[in-house]
Visitor: 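Provided herewith is a single structure, encoded as structure tokens, for subsequent inquiry.
All values below come from the heavy atoms of this structure, side chains included, with hydrogens, waters and symmetry mates left out. Just follow the structure's listing: the first ligand is 1, and inside any ligand the first atom is 1.
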Amino acid sequence: MNDRARSGAAFAAAIHDEDAAKFAALRENMIERQLVRRGIDDPGVLMAMRSVPREEFVRANLREFAYEDAPLPIEAGQTISQPYIVALMAQAARIRAGDRVLEIGAGSGYAAAVIAAIGAQVFAIERHAELAELARDRFARLGYANIELRVGDGSVGWPEAAPFDVILAAAGGPSVPALLLRQLVTGGRLVMPVGDTQGSQRLLKLTATGQDNYESEDLGPVAFVPLIGKHGWSTSDARTPSPALDDGNDTDDHDEASILASIREAAVPLPEFDDPAFGRAFDDFAAARVILLGEASHGTSEFYLARAAITRRLIEAHGFNIVAVEADWPDAAAIDRHVRLKPARDDEAPAFQRFPTWMWRNAEVAGFVEWLRRHNSGRDPALRAGFYGLDLYSLNRSIRAVIDYLEGVDPEAARIARHRYGCLTPWAKAPAEYGHLALNAGYGMCERQVTDTLRALLERRLEYAAHDGESFLDAAQNARLVRNAEAYYRAMYYGTAESWNLRDTHMFETLQQLLAARGTDAKAVVWAHNSHIGDARHTEMGWTRGELNIGQLCREHFGEQAVSIGFGTHAGTVAAADDWDAPMQVMQVQPSLTGSYERLFHDAGHARCLCDLRAGRTGRLHERLARSRLERFIGVIYRPDSERLSHYAEAVLPRQFDALVWFDVTRAVDALPAPGRSGGVPDTWPFGL
Ligand code: SAH
């Protein structure tokens with residue numbers, strides 16, 4: 001093996017380790033949030049769920065969703081069961097090591113692997129040979145020896161292997177086949193979904209108490225794929241809707257019609273963006289101290305243009321003086337110097353060169369930035385509105401900014417800071433590796449150093465700020481960012497919620513710092529994705545993943561002084577990538593799904609409008625929309641192929657947002673080219689074009 005190949009293999013192994021660590025963390029998180037909190041406490045079941053890698057039982061393109069709280073589609077139009085349901089069935093059936101267990105509907109083989117991990121002897125039946133083959137491969141590869149799997153109709157059981165201590169059916173039939181019950185030992189348990197419609201059943205548990213005597217228990221409503229066979233549904237009437245792909249919309253027509261009527265009644269049509277009436281349409285919200293403006297993707301022109309028009313109005317007519325956006329602090333600081341007519345720093349690089357560049361390097365943002373500079377130019381410097389970044393992906397540049405600042409005001413402090421940050425600098429350009437190492441080390445290797453640097457800076461606030469308050473604020477914010485980013489990259493390996501929460505808490509903390517720095521009259525407009533600004537407590541993020549966001553924190557802190565306005569669209573084009581760090585593409589946005597909020601607004605028929613969603617404002621719209629539905633979230637990445645799983649989540653829109661801005665058809669943002677080579681020429685700054 002030559003060196004290059006060897007390092008390639010080492011790299012692959014490192015990626016694999018990293019993957020394994022990530023999945024292990026997600027699995028732990030699933031155990032805690034989806035199982036323990038819902039009452040799964042059987043130690044054998046928890047141990048088994050902890051040991052089976054669910055990511056190995058799904059298609060490669062769905063691995064990242066392996067620990068979602070949902071069934072997922074597998075081959076042959078079937079599904080892998082939701083983790084909680086697998087655990088619930090195993091716990092209800094009281095499976096113990098040494099039990100003989102029949103599983104009907106092995107599918108991916110996941111549940112069979114869990115039962116085997118408890119220590120039972122598993123007999124599994126699957127009617128699709130294709131699935132059985134895949135499952136067998138997995139058992140062999142992962143080392144599950146105590147599973148016998150055959151292809152056939154499980155509704156008749158497995159008489160040659162009977163009797164069983166436990167029978168589990170992973171597919172729903174119209175009734176419990178008597179033939180199956182007879183294959184149980186006395187004291188044996190059968191757990192099976194039963195219902196007279198396909199795709200919606202009750203989970204029943206039957207315990208054999210004596211010959212032909214059974215006790216029955218109802219474990220609640222479930223949605224399984226149908227059991228197709230002699231004692232299940234006949235193949236001919238088989239529809240196999242996958243619960244994961246079902247939109248769950250059971251609203252009847254009458255309800256739907258009254259919801260649409262309510263939307264039509266509430267909708268205020270919006271004019272062109274440059275018509276002053278556009279901004280004025282939002283005057284009713286302007287008494288708030290913080291107005292959060294969302295977006296349903298990171299690459300839609302209309303969302304940027306609308307936010308710009310609203311923000312212009314808020315700055316001109318309502319005293320807003322802070323524009324805080326979901327961008328890195330140092331990039332936004334360069335824009336801030338430009339819009340507040342301050343000189344660029346020496347060797348200042350053009351802003352927004354990190355992926356995803358189009359998110360802020362676009363003609364829509366550039367237009368707003370130039371407007372803000374013109375607006376500010378006639379004003380007293382203290383009254384000029386500023387432009388700030390809330391995000392924390394600038395570890396390297398923020399470290400440099402703190403040291404540069406200290407070199408100017410306190411060279412001895414700069415020396416100490418450089419030494420302390422030296423702990424992190426080896427990873428400053430690949431901070432995820434630091435997180436991984438710290439995880440292995442078992443503690444925050446550089447935590448003390450970054451905290452001490454921030455503390456030292458803040459302790460000398462008065463002395464430093466006496467030179468120049470703005471520069472001090474900038475440096476302190478960079479030091480705060482470094483401290484929070486250090487924790488963020490470590491948390492990445494504990495599961496998604498922790499790192500997400502640290503990031504949104506950092507955004508909120510930054511907003512508070514800005515409001516404090518700009519004085520008691522300060523008012524802020526925030527531009528960030530719907531997933532950040534819509535109150536997470538009313539979305540799947542909060543319900544099942546334990547995630548919070550800046551929208552929630554603002555409401556909790558500012559009450560009615562915070563207003564959150566979401567954005568939505570039905571179809572059109574969007575600028576996005578199909579993977580992280582991949583090139584930007586202009587992609588088609590698929591028409592919104594039936595049953596989603598987007599589809600309702602599309603059906604209501606307005607091309608562009610504003611709907612006040614607050615209770616008591618516009619008829620019964622708030623109440624009529626208050627039943628949870630799917631909502632679409634497109635970020636930097638858009639994957640139309642797995643759109644339902646990748647981009648839709650359940651939410652209660654009128655609780656998440658105070659208002660919704662709707663554009664039925666939208667187009668991709670107008671991305672600016674990469675900065676020219678000349679760099680630093682004043683009239684091309686800050687975008688370097
Ligand atoms: N336990 C599986 C769930 C798979 S979904 C998992 O964890 O992945 C249910 C499975 O039951 C499907 O794969 C379907 O093909 C299968 N099935 C439906 N009717 C069946 C029958 N009569 N006999 C055997 N398998 C059946």
Visitor: Less than 3.5 Å apart, which donor and acceptor atoms pair up between the side chains of residues 164-186 and the rest of the protein, not counting sequence neighbours?
Guide:
unit_1: D165; atom_1: OD2; unit_2: R100; atom_2: N; d: 2.7
unit_1: Q183; atom_1: OE1; unit_2: W158; atom_2: N; d: 2.9
unit_1: Q183; atom_1: NE2; unit_2: V156; atom_2: O; d: 3.1

Visitor: Could you pull out every protein residue that has a heavy atom closer than 4.0 Å to ligand 1, ordered by chain and then number?
Guide: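 Lining ligand 1: Q78, T79, I80, S81, E103, G105, A106, G107, S108, Y110, A111, I125, E126, R127, H128, L131, G152, D153, G154, S155, A170, A171, V225, P226, L227, I228.
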Visitor: Centroid separation under 6.0 Å, is that true for the rings of Y638 and H647?
Guide: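 For H647 and Y638, the ring centres are under 6.0 Å apart.
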Visitor: Looking at A528 and I533, what are the two nearest heavy atoms and their distance?
Guide: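 In this case the closest contact between A528 and I533 is CB-CG2, 3.7 Å.
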Visitor: Kindly write out the residues that satisfy side chain to side chain contact (heavy atoms under 4.5 Å, CB included) with L149, not counting sequence neighbours, or none if the list is empty.
Guide: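 Side chain to side chain contact (heavy atoms under 4.5 Å, CB included) list for L149, sorted by chain: A106, A124, E126, A132, A135, R136, F139.
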Visitor: Under a 3.5 Å threshold, yes or no: a donor from one side chain and an acceptor from the other, between E55 and Y67?
Guide: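 Yes - a donor-acceptor pair under 3.5 Å links their side chains.
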Visitor: Return the set of residues passing salt bridge (Lys or Arg N to Asp or Glu O under 4.0 Å) with D581 (not counting sequence neighbours), or none when no residue passes.
Guide: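 D581: no salt bridge (Lys or Arg N to Asp or Glu O under 4.0 Å) contacts found.
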